[in-house]
Number of protein chains: 4
Amino acid sequence: MVTLQLSCPIIVKHQAKLPILGLARNQQKHLSKLPSSFPASLYLCNSQEPYYPVPLFPPVDQSVAAVVFGDGSESRLYPLTKRRSEGAIPLAANYRLVDAVVSNCINSNINKIYALTQFNSTSLNLHLSRAFSGILRGKDGFVEVIAAYQSLEDQDWFQGNADAIRRCLWVLEEYPVTEFLILPGHHLYKMDYQRLIEAHRNNKADITIVALNAIRDKHPGFGLLRVNPANQVIEFSMKSERETITSISGKSSRKSDSVASGNFPSMGIYLINRDTMSRLLKEYLPEATDLGSEVIPAAISIGMKVEAYLFDGYWEDMRSIEAFYHANMECIKRSNMRYNFYDRDCPVYTMPRCLPPTMIREAVIRDSVVGDGCIINRCKIKGTVIGMRTRIGDGAVIEDSVIMGADFYQAIPVGIGEDTQIKKAVIDKNARIGKNVLIINKDGVQEGDREANGYIISEGIVVIIHGAEIADGSII
Amino acid sequence: MVTLQLSCPIIVKHQAKLPILGLARNQQKHLSKLPSSFPASLYLCNSQEPYYPVPLFPPVDQSVAAVVFGDGSESRLYPLTKRRSEGAIPLAANYRLVDAVVSNCINSNINKIYALTQFNSTSLNLHLSRAFSGILRGKDGFVEVIAAYQSLEDQDWFQGNADAIRRCLWVLEEYPVTEFLILPGHHLYKMDYQRLIEAHRNNKADITIVALNAIRDKHPGFGLLRVNPANQVIEFSMKSERETITSISGKSSRKSDSVASGNFPSMGIYLINRDTMSRLLKEYLPEATDLGSEVIPAAISIGMKVEAYLFDGYWEDMRSIEAFYHANMECIKRSNMRYNFYDRDCPVYTMPRCLPPTMIREAVIRDSVVGDGCIINRCKIKGTVIGMRTRIGDGAVIEDSVIMGADFYQAIPVGIGEDTQIKKAVIDKNARIGKNVLIINKDGVQEGDREANGYIISEGIVVIIHGAEIADGSII
Amino acid sequence: MVTLQLSCPIIVKHQAKLPILGLARNQQKHLSKLPSSFPASLYLCNSQEPYYPVPLFPPVDQSVAAVVFGDGSESRLYPLTKRRSEGAIPLAANYRLVDAVVSNCINSNINKIYALTQFNSTSLNLHLSRAFSGILRGKDGFVEVIAAYQSLEDQDWFQGNADAIRRCLWVLEEYPVTEFLILPGHHLYKMDYQRLIEAHRNNKADITIVALNAIRDKHPGFGLLRVNPANQVIEFSMKSERETITSISGKSSRKSDSVASGNFPSMGIYLINRDTMSRLLKEYLPEATDLGSEVIPAAISIGMKVEAYLFDGYWEDMRSIEAFYHANMECIKRSNMRYNFYDRDCPVYTMPRCLPPTMIREAVIRDSVVGDGCIINRCKIKGTVIGMRTRIGDGAVIEDSVIMGADFYQAIPVGIGEDTQIKKAVIDKNARIGKNVLIINKDGVQEGDREANGYIISEGIVVIIHGAEIADGSII
Amino acid sequence: MVTLQLSCPIIVKHQAKLPILGLARNQQKHLSKLPSSFPASLYLCNSQEPYYPVPLFPPVDQSVAAVVFGDGSESRLYPLTKRRSEGAIPLAANYRLVDAVVSNCINSNINKIYALTQFNSTSLNLHLSRAFSGILRGKDGFVEVIAAYQSLEDQDWFQGNADAIRRCLWVLEEYPVTEFLILPGHHLYKMDYQRLIEAHRNNKADITIVALNAIRDKHPGFGLLRVNPANQVIEFSMKSERETITSISGKSSRKSDSVASGNFPSMGIYLINRDTMSRLLKEYLPEATDLGSEVIPAAISIGMKVEAYLFDGYWEDMRSIEAFYHANMECIKRSNMRYNFYDRDCPVYTMPRCLPPTMIREAVIRDSVVGDGCIINRCKIKGTVIGMRTRIGDGAVIEDSVIMGADFYQAIPVGIGEDTQIKKAVIDKNARIGKNVLIINKDGVQEGDREANGYIISEGIVVIIHGAEIADGSII
């Protein structure tokens, strides 16, 4: 008789002959119903200290996979998305939009990250593989871009986020995870997903939806949750954007692990059990293409346990040029900064660089941030985000703007020319702004498409297009 | 007056004012005609030793980008391509098809590799990023998968290799390379591309086509070159596959840097100057979708300098199950092995692993190769490729087969069951072959589609499908 | 008034002016007593969900650093340590000795690992940096070799493990860890250190010592613990090796979180609070050089809380050629394997490789393991560990041996020559055993030093020295 | 009969039986005299295109290993070397001293780098492994720190650079390189070592010494070369530092590949053939400890071919606080910068980071460089190097100084306090300078040791020690 034991927390004893050397596997501990004829095999991990307590749940880093959506083809962020996925848009001098969400994952010990994308996917693929393959490596960690692809069974592009997940389930299920965490990639916020996961598991939920615990002036567009006092979502509706939402702010009388009932706007973040996901997408709703408008309401209607998890921190949905501009302005605030890039415990990760220091000839700089490796001459800068490798010429004056910088140091200088003035503009990467240029939206245009001239105006903000050249003396 | 100098080999002097700190760039040395108004700037590299010789050409690792095509949707390799790109098919126990071509690049010091793909692209993406991101990193090196993507300008999939390159030119041109090396990804051969590049540059060619210097029984299907005594391609035609090709073997009277005139079959490998590529695809042939049948003939007809480069080593075009099977058999040859996996100088790179050693209980093994981490019980193996993590039960007998192995050690054993016999079969990954199974193509079928039963037969070779389960006692 | 909040779990409110942007830090949550004059600053993490529970302890991967000792200069493992640290000796075909302990760390989520060494430190440095820098990278993870060094304050080598830690405390304290886990590097066992850490923290211990819960025939030499029923170590003594130890096996009546009282042999593994370590080594015992014989007994005598943690799995202390040989034999056992290299959940990590598959010409192999990339001709192998890149010639017969393999494929073949017979021997790396050699310890020598001839005999086992050449026809 | 061929450029034919599968190796092509009895084996690389030209020399990246010396225990750089090797001293805001030399190697395609060290080696080990293991990885590339170690043969520390190399030759010879490039690690310059290597090989030299082609006010202390018109070193002498050196500037009439005769000061850089090194250190001079004063003169005296290679770019030997200070000042020069950190072609590599952008509240900054992730409040900065993560309080005024910054963002702020003034000082990392401090060397001291107070003065420059705290209101 041979006594065998499962490798880790839960101890099982088998009596068996050993035809082929068996090997322990994560599922056995947490997931699987072993077939009764299971050949036992050599679970020859050490029978280590059976008398110490066993953790209730599998560790997050082994049991949850994040699925990040990197783009939306009808983006209102055009022209920043002309050549890029939304997730690849530069943000806050040194980052890209998607870094915030991926960093949340890393800081929450989630190290299996899939990014699903099909619109200008190359840019996001390049960024993610360069930025995170080193950080996430290690014990089965990775960030992997799954671009839309053709197969013999399906020659189409992804038809929506539910369709994308359905078609990629065979990849997403490669590792024995227990839950999928669905994340829109273009949001700026800090959140410890581990606590969301704990709440989900403690509640034995099938699906947990993260919602805003706040009155917002605008509906974020991910739907509205009606929550009962037992914390369950009893209704989920996609409302029109303009409709007012009245939600109970609920700051008053909450207890741990419970939320007040009421209506809350969804953030588009879902934690869904692996089995639930598979059943919903393959069995119950094999034709559904969208999670928010189709899958979640169906799950509620068939009686699945759908819980709410409220979040009340800073959250910016960067879906428009204006929202993107405001997210950038957040990072230069003198005080009461709501998104902290300088937090050693929850750092924001991005592509590691080893650029030279920023060289400053003679500048007066106020309330601004300056990225790595800039070359700044005699100029004045105020309330501005200066991106990596930006060059600014003598006499330039820049205010309330977002300068994205350059991808390389170039022979023919990229950047802001001499005596140029810029106010409330977004200058995309590698643009060349000549000398004596005025970018001030002189006519106070709200919306304007001058793409042939190298810019558009959106919500009053001038956006100079990636790589555009603005001739000396131009006035915009 | 300030004296300025270009960063490295060639010394240039400028007189200029310095509005913005200028920075040297690769193109200046090798590529670019600087605009006359060029603001000079601080090329402040050291004026190092001007009296030593300067290399004639830029180093290959900085100046050539490889473009590997990872798939073909009409693959005759089905069902091995059911879930994978061709490039991701396991080969020779420890490798994937695409490793041979990528390793050629690495061994030729080409460290900028783009893999273009759209058919089941995920598998190739996962493999390439896991396998090569570490090896190629370093001075601007990378392997990057460009999956077909939608953009505002183009909502379609790639329509052919020329279309794919055209749509990705903006990415491919990110680095200042001087030539693109176009490579089909499913070929098995060793070639030092540096010498191809030298020949191309010495000949001042616009395009160099690599062709087989051999009479082959089958036309490889990449077209036929007619070459004149001056080594130039004077005609390029896509012939039907069945047509006989007579080429002059030319072993007799060649001199360095010249090839005999005659007809040679193309290998589908093209070295094309960056500018040439851009002009052909954008200006001259903006609608062309295929390089071989459209772009190359057009280049010849408009008088571009198209050269031939002959290759006469081992080359296997793995376009069919049979060719794939033969390529595997090549690696178990007792002698006169034509593709050497054990060459320290030209190693074949692939995904690094740290698997445990192969455990052998009691086996008689002949003329076979065994991958990492197998578990082999009392069995007989002959003329077979045993892939990673394969388990073989007691009493099994395996001959002339390709067993691809498993992706993970699993609780419910994957592999070959007890007393099972296999002959001339390909067992795809993660398949479970039960006990007392016979896989011997007992009816001598040449072609047969039994996909529902877990296998197909192609050219007399039984192919068990990825993850299929073959019940105990089955006879195939 | 500005409301500020600590970054993560615990929410604190400050009223403060903000002279310099303050930044949150790990210690604040778990370690530090902030000075009362602390300038508050911008702890501007989001005030995320204050009503969910907070984990009691900091996560292991951020709060524990492992300190692995990689060598001992009086090693009885000579000549395997002629050019290497003990930790760098090849083990079980594909591994190195130290891999077992480092893999325990990785599998226990400890990702800060310092290896202290001074004896032949280069080999260990090369192995650890090549093997683990990729796996451990990520969120502040690393393995770093600290070789003995000279400083202005101290020109000496390390005088013992306590001296080594004292001199390196300034490095070890770089990250805000709360405990140090002291690990001898030459032990073979699997242990989940997380549960040790939980027990230590639950017990509020200053020091926890890991001890064997078993009667062993030999005293491991790390001292003997006398434990009271409250689980505390009341005596710690270093006994002579030969002395018999009687310990209560205690299999009968244990409850969770308690151990039986009695005597247990220490395994030399200590978990010590950061502050405790600092006080002991700097204040109380500034001259002590050894942890086991000096520091631990002193800690007990001054009333520190020293706990025991019992371990009753497989454990091999590879301090002699014989023990090393037995550890290797463990990995070829047909059943009842006590150390499982094939466990997917607790894998053994080592240097990733991409070697070609093992090529077998015609071999009968029994109860053996075969490493990556071997070339095995017509031969018989039984009960043997065949290391990476080993070549074995026609007619060779190998039994009950450990062949370590080769570091490179070489032109002049390294390996076992034709018609050579080997029995119960250890063949170190890169040795060339000629043809018709007999390595059988024909005279039955127990101990013999024939280093000039390329071998020594230890406890009846012939050990061929690294790189030695044994001439054709030799008989040993 | 079997026809076999060497793997790459040179084609050789063998007739042989194949007892063990043979494998090609670098040496065969470039180094080795194959034994006549060489068993031929399967050099089964493809017989690729024999009619194209073969490169004359092996590629630099495979055939040269750099040996960098990281420290000198009698450093005049104290107190910057209190806890560090010289090579690990922060330089130019974002770098470390050794980065310049390692970057030269990378930019010269030398990817095998050994750093020999024994003095405070830990710091250098940490930096090099974190900074370069990613960049150099790839085809057999690495940077490896070899710390002094004890072995059974030798219990001593390294006795000099020649002794260090001798004891490490077994490591340095692991790869089949043909030359060693010996590099002091504390020099700031840019040099393309490939051209040095070409000159060395074209001259068929045994040793090539790099010397300054310039009249310098100070003798760098590495000896003086007398060179004959044939470019050979006919005398090498270590002169006292004060002695004047008169060298022919030779700008006038040089031809390619020849240097004028005369006297030139050595830069301590030697390119030495592998065999030459081995013979000199092991056979001829087995007791020599220093290369410059013992080994090189001996090589000349026994008639070895010792050549000179002149370098006339910017070169700073950072051996004193003053020289270190000047090297930092070089990088903030407005024009005529002699060491260019911003050169895309010859970048300076260092540890990759992903710090947040520098935040500037309201600052006037002139002729300064600012590293990544600083937090700068209302202050004035002129002529200063501001290192990574530096914080500067309101009202501070900093001139002509080097602020090294901080290793972490810390809760208790590290940096420069409010209303503090600093002039011509070096502030080492993690120092806390209080409020209203004056660091101005008010007494005009040239040399002063106030280590207990947290600083020393060297050549008139105040150096605040690593981690020192300077109390509010202090005047220095």
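Lettering follows sequence order; numbering is per chain, from 1. Just the heavy atoms: all of them, side chains too, but no hydrogens, waters or symmetry mates, feed the values below.
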> At their closest point, which heavy atom of A148(B) faces which heavy atom of S121(A), and how far apart are they?
Replying inline: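 Minimum heavy-atom contact is O-OG, 4.2 Å.
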
>> Rounded to the nearest 0.5 Å, what separates atom CH2 in W170(A) from atom NE2 in H466(B)?
In response: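 The CH2 atom of W170(A) sits 8.0 Å away from the NE2 atom of H466(B).
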
> From Y114(A) OH over to L126(B) CG, what is the distance, rounded to the nearest 0.5 angstrom?
Replying inline: 7.5 Å

> If you count heavy-atom pairs under 4.5 Å with chain A, which of T117(B), I376(B), D156(B) comes out on top?
Replying inline: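 The candidate making the most pairs under 4.5 Å is D156(B).
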
>> Any side-chain to backbone donor/acceptor pair from N125(B) onto E144(A)? Under 3.5 Å, distance only.
In response: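 Judged by distance alone, no pair lies under 3.5 Å.
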
> Do the ring planes of W157(A) and W157(B) sit parallel (below 30°), tilted (30 to 60°) or perpendicular (above 60°)?
Replying inline: parallel

> Checking Y175(B) against chain A: side chain, backbone, both or neither under 4.5 Å from a heavy atom?
Replying inline: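 For Y175(B), the contact with chain A is made by the side chain alone.
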
